[in-house]
Amino acid sequence: MKILIIGNGGREHAIACKISENKNVEKIYCAPGNGGTALMDICENINIMGIDKLKDFALKEQIDLTIVGPEGELVDGIVDVFKKNGLKIFGPDKKASMLEGSKTFSKEFMDRYGVKTAEYKTFLNADDAFNYINTCSYPVVIKADGLANGKGVSICNNYKEAEETIKKFMIDDIFKGSGKKIIIEEFLEGIEASILSITDGKIIVPFISAKDHKQIYDENKGPNTGGMGAIAPNPYVTYEVLEDFNENILKPTLEGIKKEEFDYRGIIFFGVMITKKGVYLLEYNVRLGDPETQVVLPLMDSDLVELIKASLNKELSSFDLKWKNAYSCCVVAVSEGYPGNYKKGFKINIDKKVNSFIAGATFKEGDLLTNGGRIICTYAIENNLADSIDKAYKEMDKVHFHGMYFRKDIGKQY
Ligand code: AMP
Ligand code: GLY
């Protein structure tokens with residue numbers, strides 16, 4: 001098989017590693033890939049961007065399967081284009097991708113099918129939003145309707161913060177259209193969990209749960225990032241939490257996918273909040289999470305290519321998805337200044353044997369060089385959580401680059 005992976009993060013490096021375990025995979029193309037995929041013998045990075053050009057490449061190279069990492073291409077309809085051209089691609093169609101591509105679309109979907117979620121109101125007009133924030137109790141959560149590179153959510157503790165956010169999103173238009181429409185949502189207090197799942201449109205099969213660590217500093221302080229580390233399984237996702245999730249979130253979501261006649265053969269990722277009043281859905285993502293993938297895929301015992309095939313053939317119900325009876329942790333090292341401005345191009349000194357997934361780094365003339373905010377994650381799988389955390393940190397001791405920063409408390413504070 002020849003496989004094409006779209007994306008350039010740690011998530012895509014982890015996907016490439018997992019699918020390379022399948023003996024029938026002879027070649028993996030990564031568009032554009034990163035320094036991690038560049039170093040895999042089976043992979044070739046290709047510098048092709050844009051849905052049409054990717055489609056042309058897949059046709060020319062007779063790609064057997066395309067896996068889409070990030071949400072952007074999915075929301076832009078890559079699945080529809082590839083399918084129209086007879087190409088096999090794993091992911092939801094454009095319509096279903098709106099579950100991530102538009103917050104109002106997804107909240108209305110949740111309402112229609114009774115998926116448990118926070119109360120909210122939609123605003124198309126800044127004056128109406130300014131009036132509304134005079135009347136609500138704080139904190140409130142303000143969300144840009146469209147994709148905003150993970151930056152479209154603001155938790156506002158008072159009127160002033162809410163006013164500033166509305167101004168930035170709706171009037172200053174910092175997300176170039178994505179914030180012209182906003183939702184203002186009830187603030188939920190609790191513990192977050194990421195439940196990545198696979199669907200074939202007939203059933204949804206949850207993966208092992210994970211816990212992301214979004215803030216830049218220890219003890220969940222400072223601004224949000226793309227994710228500073230993760231553990232799996234999430235210790236808070238107990239049997240009771242899963243029952244609640246199944247009943248109030250998964251089942252009604254599946255009913256909606258069927259009734260709306262989405263062509264959904266892909267990943268559905270539930271970002272949930274576990275509260276005193278039960279489990280609430282914060283958001284759907286229509287792709288794997290980053291860095292959750294880097295802890296979840298190493299725990300998967302089954303073959304990922306076969307699993308994806310079962311989804312594409314709508315045969316997930318007869319696939320026996322197996323997990324290792326183990327725990328995993330990953331710690332992400334980032335550039336100095338991230339999530340704000342940072343410099344690039346520093347040499348990464350790393351022992352070849354380190355258990356790691358590369359994210360924002362390129363491979364140039366024999367060296368790995370920093371090329372983004374999140375650079376690399378080290379990971380470990382062990383029989384218990386504490387050992388997996390210790391081991392992931394020991395692996396991080398073998399990585400060095402100028403200005404390197406990582407959190408010291410991944411998985412430690414529950
Ligand atoms: P989202 O993109 O909707 O997942 O939001 C990003 C982050 O904002 C989430 O991971 C939560 O940490 C936080 N968040 C979103 N919605 C809420 C809410 N209703 N209450 C509390 N925190 C929230
Ligand atoms: N880690 C959260 C995300 O991928 O959106």
Side-chain angles (χ1 to χ4, degrees), residues 7 9-12 14-15 68-72 74-75 99-107 109-110 115-121 136-157 162 165 169 175 178-179 182-197 207 209-216 220-232 234 249 267-297 330 332 339 357 359 373-374 377 410:
R11 165 181 55 202
E12 286 75 20
I15 295 171
V68 190
E71 61 278 15
L74 292 168
V75 171
L99 288 177
E100 177 164 1
S102 162
K103 299 271 186 207
T104 49
F105 179 91
S106 72
K107 291 295 274 193
F109 175 94
M110 294 176 211
V115 178
K116 191 162 160 184
T117 189
E119 296 288 333
Y120 73 102
K121 280 196 186 315
C136 53
S137 52
Y138 288 88
V140 289
V141 186
I142 301 186
K143 301 185 178 184
D145 180 61
L147 293 183
N149 273 326
K151 298 195 172 80
V153 175
S154 173
I155 294 171
C156 305
N157 292 302
T165 301
F169 285 16
F175 301 128
S178 281
I182 60 163
I183 65 173
I184 303 184
E185 183 172 290
E186 166 198 12
F187 175 80
L188 296 173
E189 210 174 329
I191 284 159
E192 279 183 67
S194 303
I195 305 184
L196 283 52
S197 315
F207 291 173
S209 62
K211 187 173 192 297
D212 191 2
H213 294 66
K214 288 202 164 82
Q215 287 89 353
I216 184 84
N220 296 332
K221 297 208 172 111
N224 267 355
T225 68
M228 296 297 292
I231 53 169
N234 184 321
I249 296 173
I267 297 295
I268 181 158
F269 159 170
F270 302 88
V272 304
M273 185 74 90
I274 305 164
T275 77
K276 289 199 178 106
K277 293 186 291 174
V279 184
Y280 284 72
L281 183 64
L282 292 179
E283 62 162 356
Y284 295 112
N285 293 316
V286 295
R287 36 84 194 169
L288 290 167
D290 189 332
E292 289 92 334
T293 302
Q294 291 90 309
V295 284
V296 169
L297 286 188
C330 80
V332 178
F357 295 120
R374 292 190 295 167
C377 81
I410 300 303

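Here the structure is a predicted model, which means the values were calculated and not measured. These values consider heavy atoms only, across backbone and side chains, with no hydrogens, waters or symmetry-generated copies. All ligand and atom numbering here is 1-based and tracks the order in the structure.
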| request: Around atom 5 (O) of ligand 2, find the nearest protein heavy atom and jot down its residue, atom name and distance. | output: Arg287 NH2, 3.1 Å

| message | Does Asn220 have more than 12 heavy atoms from other residues, nucleotides or ligands lying within 6.0 Å of its CG? | response | yes

| request: Could you tell me which residues satisfy salt bridge (Lys or Arg N to Asp or Glu O under 4.0 Å) with Arg374, sequence neighbours excluded, listed by chain and number? | output: Asp290

| field | Heavy-atom gap Glu189 to ligand 1 smaller than 4.0 Å | value | no

| note | So the atoms of ligand 1 within less than 4.0 Å of a heavy atom of Glu192 turn out to be 9 (C), 10 (O), 11 (C), 12 (O)

| field | Glu185: numbered ligand 1 atoms lying under 4.0 Å from its heavy atoms | value | 16 (N), 17 (C), 18 (C), 19 (N)

| note | Note: heavy atom closest to atom 2 (C) of ligand 2, options Glu283, Met228, Glu292, belongs to Glu292

Give the numbers and elements of all ligand 2 atoms closer than 4.0 Å to a heavy atom of [X].
X	result
Asn285	5 (O)
Asp212	1 (N), 2 (C)
Gly289	4 (O)

| message | Against ligand 2, does Arg11 come closer than 4.0 Å with any heavy atom? | response | no

| query | What's the shortest heavy-atom distance between Cys156 and Tyr138, and which atoms? | reply | O-CD2, 3.5 Å

| message | So, taking the atom named CG in Asn285 and the one named CZ in Phe270, what distance separates them when rounded to the nearest 0.5 Å? | response | 10.5 Å

| message | Tell me which one of Glu12, Glu292, Glu71 satisfies salt bridge (charged side-chain N to carboxylate O under 4.0 Å, His left out) with Arg287. | response | Glu71

| note | Quick look: Leu188 vs ligand 1, heavy-atom contacts under 4.0 Å, and the answer is both

